[in-house]
**Student:** 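Structure below; questions to follow.
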There are 2 protein chains.
Amino acid sequence: MNPPYDSGKLDRLMDEAGVDLLLTNTQHNARYLTGGYFYHFHERFDAMGLGRYMALVGIPKGDPGRAFLVGERREIAQSQDQGLWIPELITAERQPAAAAQAAGEAIKARGLERGVIAVEMDFLPASSMDVLSKALPGARFTEARGITESLRAVKTPEELEIFRRITQDDAEIIGEVFTSAAPGATTRDLARGIEDKMTARGLHFLWVFTCAGNKMLRAPSGKVWEPGEVCHLDAGGSYEGYLTDVCRMGVRGEPSKLADELFQACLATQNKVREEIRAGAVCGDLYESGFRHLADTGHGEYGEFIIHGVGLVSHELPRFGKGFENKLEERMIVSIETDIRHPEVGYVKIEDTVAVTADGCEGLGDLGRDAWYIA
Amino acid sequence: MNPPYDSGKLDRLMDEAGVDLLLTNTQHNARYLTGGYFYHFHERFDAMGLGRYMALVGIPKGDPGRAFLVGERREIAQSQDQGLWIPELITAERQPAAAAQAAGEAIKARGLERGVIAVEMDFLPASSMDVLSKALPGARFTEARGITESLRAVKTPEELEIFRRITQDDAEIIGEVFTSAAPGATTRDLARGIEDKMTARGLHFLWVFTCAGNKMLRAPSGKVWEPGEVCHLDAGGSYEGYLTDVCRMGVRGEPSKLADELFQACLATQNKVREEIRAGAVCGDLYESGFRHLADTGHGEYGEFIIHGVGLVSHELPRFGKGFENKLEERMIVSIETDIRHPEVGYVKIEDTVAVTADGCEGLGDLGRDAWYIA
């Protein structure tokens with residue numbers, strides 16, 4: 001079977017990095033490299049008995065036909081049912097040392113025991129690294145992140161369709177929760193509402209930041225959303241590992257004049273940056289532009305501008321910062337956030353997700369971004 | 001503030017293991033050591049930007065007043081709102097190397113740079129281990145698991161109350177899903193039903209093993225639950241990190257004579273083992289007893305008996321195996337499973353959870369264990 005990702009691009013990335021074999025152990029990279037396959041039992045937890053479950057995916061440069069997945073025996077039937085493309089599923093005990101031992105043997109069997117192996121140093125456990133180093137004393141280990149995040153950076157049309165749908169879901173759900181919030185509802189109640197509605201739509205709820213009033217506590221809590229208070233719902237979930245991340249504003253009653261000024265400042269900043277997004281735009285320019293537009297509103301003092309890529313990892317490529325020279329490409333997914341933490345009004349924020357196009361950007365889930373939800 | 005766990009016991013365990021400081025990085029141990037506090041944003045995902053979030057909890061032996069938590073700045077308000085007992089919250093970038101550097105400095109500040117540091121080798125990333133080793137060249141690093149799982153093994157009355165409630169919820173939900181399964185429902189539909197109902201009750205859905213008919217595919221799939229087929233639902237979820245794990249049987253129509261014989265064999269095995277559970281019972285004896293009772297039913301050929309502890313980790317202490325001499329203690333939580341994989345009938349299984357008492361055990365969530373659910 002053919003790999004579901006761009007195999008030529010992976011080979012080039014590995015070649016540029018001088019890497020002979022890619023060995024990942026995170027769920028996000030396993031999902032990407034398998035084309036969505038992951039052992040269902042361990043999608044949401046990994047600690048088990050004397051160790052933990054890890055899916056180790058190994059791909060030799062230029063030779064995906066010799067790729068392997070170290071998993072465990074109970075997933076064999078699922079891998080067959082889902083038509084896993086990886087030709088060898090190696091089963092091991094659910095212990096990082098055992099999984100690493102199996103991976104080491106698979107690497108030797110491919111003649112790469114003296115090669116350069118790229119691993120995820122921030123995720124591969126110390127016990128696995130120790131076993132791998134001893135099993136492959138002639139190998140050199142290097143960081144895999146640059147390779148994997150470059151591989152994932154430009155989304156396929158199929159991935160883009162997932163982002164369209166889940167971001168729209170997220171925006172609709174936030175609107176429903178704001179407008180149905182009962183008097184006396186706490187921020188924890190609002191968060192529960194988001195979780196219930198995400199689950200009903202087949203999303204996996206991940207988080208809500210929410211803050212009612214001006215105390216700046218953004219964790220769901222027993223705080224009641226009181227009349228007159230502004231409130232934001234910044235909610236994230238996932239579908240087959242892909243993330244959605246949207247923020248909208250609500251108010252109980254009517255926003256004060258100042259609150260609405262802050263809201264309009266966020267919206268203007270967002271809109272101006274969105275006008276500048278297109279394939280070829282320089283990430284450092286967009287970053288500085290966001291802060292400049294925010295300052296131009298006259299409400300920069302308490303404000304912050306954040307812009308980041310989204311995918312299977314939050315804040316993945318493209319990256320933005322002062323002086324960054326990297327450029328946007330078509331079908332990159334970008335989150336744009338303007339936050340104003342005003343000591344009197346509270347936390348005012350809009351977060352949008354867009355897909356980069358040749359001559360601009362497509363707003364994903366734009367519902368409700370340009371007005372207050374009134375509860 | 002006082003630690004929420006048995007501080008005297010932790011000191012004894014660290015003393016026996018020759019450990020000067022416990023440094024954990026898993027969510028389950030962070031929750032246990034903080035008494036339930038965990039940064040809400042990262043309860044369900046950790047990968048972020050150039051690294052990941054980790055909560056590193058450090059506790060010096062005999063000196064919980066100098067405990068520390070390495071987290072990040074956005075959780076300060078939540079830690080104050082929830083009254084985190086740990087006196088020092090150290091904020092770091094969400095990168096395992098940065099978090100480890102901060103932990104290394106905190107360990108030096110406590111004069112333990114030449115001490116024995118217990119870490120979770122199967123969870124601490126290689127990059128963190130590397131930084132810690134360099135920051136503390138005079139320290140010795142050892143495995144923390146023995147200490148943390150012994151500390152957690154006997155549950156408090158408050159923890160027991162959580163297990164009572166969530167196991168009962170799990171059993172009720174499984175019954176509701178079986179009896180409301182529409183004609184033509186797939187095992188994926190059944191799994192979605194479990195997830196929806198767990199979410200509605202405030203549980204975090206984790207997994208369903210389910211198998212309709214005799215093909216032994218236990219992953220949720222497009223397989224339709226056909227008339228005459230047996231089906232099991234082995235469903236797990238969590239509440240504040242505590243796990244529930246229950247399996248019940250259903251059939252479309254009536255079970256065949258053979259299917260019912262297998263079911264009764266599972267039930268008899270479970271019942272006999274439950275009669276032998278009490279504080280002081282030897283874990284190796286219970287393990288062998290389960291297989292013996294199963295064999296006595298005449299249906300041992302395709303059967304398996306499994307018994308394991310449950311808590312914040314699946315298959316935690318107490319552990320069971322041939323010849324194991326460890327003994328049960330009051331308020332340990334034990335899962336008991338009898339599986340028969342019959343080539344004609346399919347997968348027949350009952351899984352119960354019990355709490356060990358002085359003279360027996362208390363069944364948790366026993367609803368529906370002794371009869372088929374008819375769909």
**Student:** Measure the acute angle between the ring planes of B/Phe209 and A/Tyr39, then classify it against the limits of 30° and 60° as parallel, tilted or perpendicular.
**Tutor:**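 Because their plane-to-plane angle lies in the 30° to 60° range, the rings of B/Phe209 and A/Tyr39 count as tilted.
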
**Student:** I want to check something: taking the side chain as every heavy atom from C-beta on, are B/Pro220 and A/His40 in contact at a cut-off of under 4.5 Å?
**Tutor:**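 They are in side-chain contact.
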
**Student:** Is it the side chain or the backbone of B/Leu50 that comes within 4.5 Å of chain A heavy atoms, both, or neither?
**Tutor:**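 Both parts, backbone and side chain.
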
**Student:** Tell me, for B/Met121 versus chain A, whether the close heavy atoms (under 4.5 Å) come from the side chain, the backbone, both or neither.
**Tutor:** both

**Student:** Which answer fits B/Asp196, side chain, backbone, both or neither, if we ask what part of it has an atom under 4.5 Å from a heavy atom of chain A?
**Tutor:** both

**Student:** Of all heavy-atom pairs between A/Gly49 and B/Val313, which one has the smallest distance, and what is that distance?
**Tutor:**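 Taking every non-hydrogen atom into account, N-CG1, 3.9 Å.
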
**Student:** According to the salt bridge (Lys or Arg N to Asp or Glu O under 4.0 Å) rule, which pairs have a member within residues 308-319 of chain A, sequence neighbours left out?
**Tutor:**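 As it turns out, the salt bridge (Lys or Arg N to Asp or Glu O under 4.0 Å) pairs with a partner in residues 308-319 of chain A, which skip direct neighbours, are A/Glu149-A/Arg319, A/Arg152-A/Glu316, A/Lys155-A/Glu316.
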
**Student:** Relative to chain A, which segment of B/Val208 carries a heavy atom at a distance below 4.5 Å: side chain, backbone, both, or neither?
**Tutor:**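 Only the backbone of B/Val208 comes within 4.5 Å of chain A.
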
**Student:** Report, in residue-number order, which members of residues 41-48 of chain A are under 4.5 Å from chain B by heavy-atom distance.
**Tutor:**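 A/Phe41, A/Arg44, A/Phe45, A/Asp46, A/Ala47, A/Met48, listed by number.
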
**Student:** If you round to the nearest 0.5 Å, how far is CG of A/Asp122 from OG of B/Ser128?
**Tutor:**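 Between B/Ser128 OG and A/Asp122 CG, I get 7.0 Å after rounding to 0.5 Å.
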
**Student:** Using a 4.5 Å heavy-atom cutoff, which residues in residues 71-79 of chain A come close to chain B?
**Tutor:** A/Ala77, A/Gln78

**Student:** Looking at residues at least two apart in the chain, or sitting in another chain, which of them share a side-chain hydrogen bond (donor to acceptor under 3.5 Å, both in side chains) with B/Glu143?
**Tutor:** none

**Student:** Which one, A/Ala200, A/Gly309, A/Gly222, A/Pro125, leads in non-hydrogen pairs under 4.5 Å with chain B?
**Tutor:** A/Pro125

**Student:** Under a 4.5 Å cutoff for heavy-atom pairs, which residue among A/Ser314, A/Gly236, A/Ser238 has the most contacts with chain B?
**Tutor:** A/Ser314

**Student:** Please flag which part of A/Met216 lies under 4.5 Å from any non-hydrogen atom of chain B: side chain, backbone, both or neither.
**Tutor:** backbone

**Student:** Picking from A/Leu312, A/Leu317, A/Leu206, A/Thr26, which has the most non-hydrogen pairs under 4.5 angstrom with chain B?
**Tutor:**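 Answer, by heavy-atom pair count under 4.5 Å with chain B: A/Leu206.
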
**Student:** Among the options B/Leu217, B/Val119, B/Asp130, B/Leu243, pick out the one with the most heavy-atom pairs lying under 4.5 Å from chain A.
**Tutor:**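 The option with the most such pairs is B/Leu217.
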
